Amino acid sequence: MASQENIRNIAIIAHVDHGKTTLVDEMLKQGGIYRENQATVTRVMDSGDLERERGITILAKNTSVYYKDTKINIVDTPGHADFGGEVERILKMVNGVLLLVDAAEGPMPQTRFVLQKALELGHKVIVVVNKIDKPDARIHEVMDEVLELLLDLNATDEQFNSPTVFCSGRQGTAAYGPDDTGVDLVPLFETIVNYVPAPEGDKNAPLQLLVSSIDYNDYVGRIAVGRVERGTIKVGQEVVIADYHDSTLKQKGKVVALYEYSGLEKAAIQEASAGEIVALSGMADITIGRTLCAPDCIEPLPFVKISEPTIEMTFAVNDSPFAGKEGKFVTSRQLRDRLEKELLKDVSLRVTEQGSDSFNVAGRGEMHLSILMETMRREGFEFSVSTPRVLTKEIDGKLCEPVERMVADVPEECMGAVIEKMGRRKGDLLSMTPMGNRYRLEFLVPSRGLFGYRNEFLTDTRGEGIMSSVLETYTPMKGEIERRLTGSLIAFETGEACSYGLFNAQERGALFIGAGTPVYAGMVVGICSRNEDMTVNVCKKKQLTNMRASGSDEALRLTSPKIFSLEQCLEFLADDELLECTPKSLRIRKRELDHAVRMRQLMKKRNQE
């Protein structure tokens with residue numbers, strides 16, 4: 001059993017793509033977790049299929065390494081602001097954080113967000129300047145930027161004088177000075193052991209354990225993960241589940257199994273004392289933020305207030321003509337159960353029921369909700385979603401909307417296009433900093449102004465731009481923002497798309513479908529080049545006459561269809577359109593499928609205007 005002095009609990013926080021998961025890989029290798037001949041994979045902590053495909057961390061995960069006699073519990077956190085809820089809740093489990101900063105990019109918006117949360121909790125901070133072997137590294141400037149950020153966030157004197165370690169996560173080296181050559185990660189391990197305090201807590205006091213994370217296993221059900229704040233927890237122990245914000249909740253439970261994190265595995269243990277991070281099973285309805293207490297001393301712990309969601313979409317049962325053909329789970333009951341299951345482990349998600357077969361799902365950003373949609377698709381769910389909407393608040397009698405701090409790194413020649421587009425989207429330019437032959441632009445822009453902008457941004461910067469944003473504040477509504485300058489091409493009848501019909505339709509704009517694709521009336525089959533919707537008949541065949549055969553004219557050349565990803569579909573959606581998600585297809589459709597009804601609604605709207 002490890003004593004408290006031999007334990008360190010740390011979280012690794014950073015902006016996306018600054019190398020957290022790669023650094024954890026090397027810490028695991030040098031921490032003696034693998035056998036000498038054991039096959040290893042890169043980014044081992046990104047265990048989900050979606051995480052490995054996209055190269056991003058979505059869920060916070062626990063692991064541990066040993067350095068000499070000290071066990072270092074590590075929590076790897078996501079870098080995207082959309083998964084900020086994952087970062088906020090696990091900070092209660094740790095005593096210190098490694099703030100990872102890219103030696104070329106420097107601190108970015110998400111770095112500011114997670115660092116602020118860590119400083120508020122009074123955690124010790126170790127600054128890790130990563131990727132020092134990059135050719136464009138600006139180590140000294142980045143160190144100055146980190147100090148400016150700490151000043152900005154009102155860090156205490158001790159936090160301001162945090163130690164700095166210089167690493168190359170890919171090579172697995174660390175050094176105390178920017179010009180020193182590292183050999184291994186010993187300087188990093190030494191700094192963690194010497195600077196991060198050991199967890200405090202009286203082993204002999206009554207039990208207190210705050211649940212900071214939930215894991216799920218089909219065999220044992222829900223697994224609660226948290227740090228033992230005080231006392232000792234044992235297998236078979238009777239506990240009371242309490243909630244700081246709900247004094248009426250006092251539910252009895254029993255610890256059936258207890259695990260500690262040992263490298264990448266969970267190892268079964270009989271007991272754990274204050275300061276250790278453990279996982280336990282046996283309680284069916286345990287949730288994040290609850291406290292496990294000893295029955296004779298019920299004192300629940302306060303849980304960090306998770307930031308509110310900023311955008312919302314409506315998830316509904318799919319009611320298109322092709323409903324139920326590709327999905328396994330299609331009913332409102334199955335959709336409700338799946339969303340409720342997601343609520344158990346995602347603290348920054350909100351679900352409210354709208355009528356019998358639709359649900360308003362609110363989250364941190366488009367990516368937050370699109371990852372949930374992609375996961376559900378892969379599980380066999382079929383549903384439809386509406387366009388994203390921002391969640392407004394009333395502050396001092398004024399209707400306010402969320403505003404994000406958006407940072408863009410762009411080549412010098414693309415700067416004008418980005419500033420112009422941001423101006424149209426009601427963005428205010430805060431700063432413009434040259435970085436070699438690139439510029440870093442910082443804007444305050446309404447969240448709804450960023451809907452659908454990412455693709456445009458990549459086009460404007462020829463794929464070389466990097467943009468990221470994080471919620472900054474709420475300000476009064478900034479008026480109308482035009483989202484789309486093009487209309488939709490809409491299928492006129494149900495059937496199978498033919499080359500002849502597609503050939504005539506492609507003159508009107510870019511198509512989403514190829515020959516042989518089943519379509520239904522009201523389905524969006526392409527982008528119209530004008531700023532209006534247009535109905536096209538893609539099922540139209542060339543008629544046979546007594547003069548010629550139907551295929552005897554010149555060969556019809558079709559342009560390749562545009563295939564949209566899930567995020568691109570969400571960005572393209574207009575307010576009167578829905579996205580139909582099935583395990584095999586993504587189809588954009590009009591809410592009202594009937595062409596005649598749509599025309600009547602359009603005429604009515606024009607008359608009112």
Side-chain angles (χ1 to χ4, degrees), residues 14-19 54-56 78-84 100-115 131 134 136-138 141-142 144-146 148-149 152 310-311 364-368 370 388 390 401-473 475 478 481-485 565 567-568 570-571:
H15 188 75
V16 64
D17 274 347
H18 280 197
R54 296 181 181 224
I56 59 173
H80 283 86
D82 289 23
F83 311 116
L100 208 68
V101 182
D102 187 300
E105 292 183 10
M108 297 285 271
Q110 177 69 356
T111 319
R112 167 186 286 270
F113 169 76
V114 288
L115 180 59
K131 304 190 184 181
K134 278 175 88 169
D136 57 345
R138 337 171 271 124
E141 292 98 314
V142 165
D144 291 343
E145 287 170 18
V146 172
E148 279 175 31
L149 180 61
D152 255 11
T310 55
I311 76 158
R364 282 287 184 84
E366 277 179 295
M367 184 178 242
H368 184 195
S370 71
V390 294
E401 65 176 337
V403 169
E404 307 205 10
R405 178 185 290 263
M406 195 274 268
V407 172
D409 276 1
V410 297
E412 192 175 342
E413 60 275 18
C414 306
M415 202 168 62
V418 174
I419 292 173
E420 185 205 343
K421 290 278 171 70
M422 279 288 99
R424 279 195 215 155
R425 290 165 179 268
K426 305 282 192 282
D428 299 326
L429 182 64
L430 295 181
S431 66
M432 191 161 68
T433 318
M435 295 168 63
N437 60 350
R438 294 169 72 88
Y439 270 83
R440 174 171 293 178
L441 307 173
E442 210 164 311
F443 298 91
L444 280 182
V445 57
S447 295
R448 62 197 168 102
L450 289 174
F451 290 164
Y453 177 60
R454 198 170 292 273
N455 277 339
E456 270 185 58
F457 174 78
L458 287 173
T459 308
D460 292 342
T461 59
R462 301 195 294 274
E464 291 181 43
I466 302 165
M467 70 170 269
S468 53
S469 61
V470 66
L471 180 68
E472 178 78 6
T473 181
T475 63
K478 289 201 172 186
I481 297 175
E482 198 168 79
R483 274 188 59 196
R484 223 171 84 183
L485 299 171
S565 68
E567 274 95 353
Q568 288 171 319
L570 290 174
E571 288 176 0

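A quick note: this is a predicted structure, and the numbers were derived from the prediction, not measured. Computation of the quantities below employed the complete heavy-atom set of this structure, encompassing side-chain atoms and omitting hydrogens, waters and symmetry-equivalent molecules. FYI, the numbering just counts along the sequence from 1.
Of the inter-residue distances, the one linking Leu149 atom CG with Asp144 atom CG reads 12.5 Å to the nearest 0.5 angstrom. Separating the CD atom in Glu420 from the CG atom in Asp460 is a distance of 8.5 Å, to the nearest 0.5 Å. Note that the OG1 atom of Thr433 and the CD atom of Glu442 stand 7.0 Å from one another [nearest 0.5 Å]. Interatomic distance, Glu404 CD to Leu450 CG, rounded to the nearest 0.5 Å: 5.5 Å.
Screening Val410, Val407, Asp409 against Leu441 for a side-chain contact (heavy atoms from CB on, under 4.5 Å) leaves a single residue, Val410. A salt bridge (charged side-chain N to carboxylate O under 4.0 Å, His left out) with Glu401 is found for exactly one of Lys426, Arg448, Lys478, namely Arg448.
In plain terms, the two heavy atoms of Arg440 and Gly106 that are nearest each other are NH2-N, 4.4 Å. In terms of heavy-atom proximity, Ser565 sits nearest to Gln568 at N-OE1, 2.8 Å. Here the closest non-hydrogen pair linking Met432 and Pro434 is O-CD, 3.9 Å. For the pair Phe457 and Ala408, the tightest heavy-atom approach, listed with the atom from each and the gap, is CE1-CB, 3.8 Å. Glu105 and Ile466 make their closest contact through OE2-CD1, 3.8 Å (heavy atoms, listed as atom of the first residue, atom of the second, distance). The two atoms that bring Pro402 and Leu471 nearest to each other are CB-CD1, 3.6 Å, heavy atoms only.
The side-chain heavy atoms of Ile419 and Phe443, taken from C-beta on, include a pair separated by under 4.5 Å. In this structure, the side chains of Ser370 and Leu570 come closer than 4.5 Å at one or more pairs of heavy atoms. Looking at heavy atoms from C-beta onward, Tyr453 lies out of side-chain contact with Val445 at the 4.5 angstrom threshold. Side chains of Asp102 and Lys134 form a contact here, defined as non-hydrogen atoms less than 4.5 Å apart. Proximity of Met422 to Leu429: side-chain heavy atoms (C-beta onward) are nowhere separated by under 4.5 Å. A heavy-atom distance below 4.5 Å is not found between the side chains of Val101 and Glu145.
For Glu413 and Arg462, the salt-bridge test passes: some basic side-chain N is under 4.0 Å from an acidic carboxylate O. A salt bridge does not link Asp136 with Arg438: none of the charged nitrogens is closer than 4.0 Å to a carboxylate oxygen. Using a 4.0 Å cut-off between charged nitrogen and carboxylate oxygen, Arg425 and Glu456 count as a salt-bridge pair.
Looking only at distances, no side-chain donor or acceptor of Glu366 sits under 3.5 Å from a matching main-chain atom of Glu567. In terms of modelled atom types and a separation under 3.5 Å, the side chain of Arg138 and the main chain of Ala104 share a donor-acceptor contact.
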(request) Run the numbers on Thr461 and Met467 for side chain to side chain contact (heavy atoms under 4.5 Å, CB included), then give the verdict. (result) CA-CA 11 Å; Thr461 59; Met467 70 170 269; over 6 Å; no
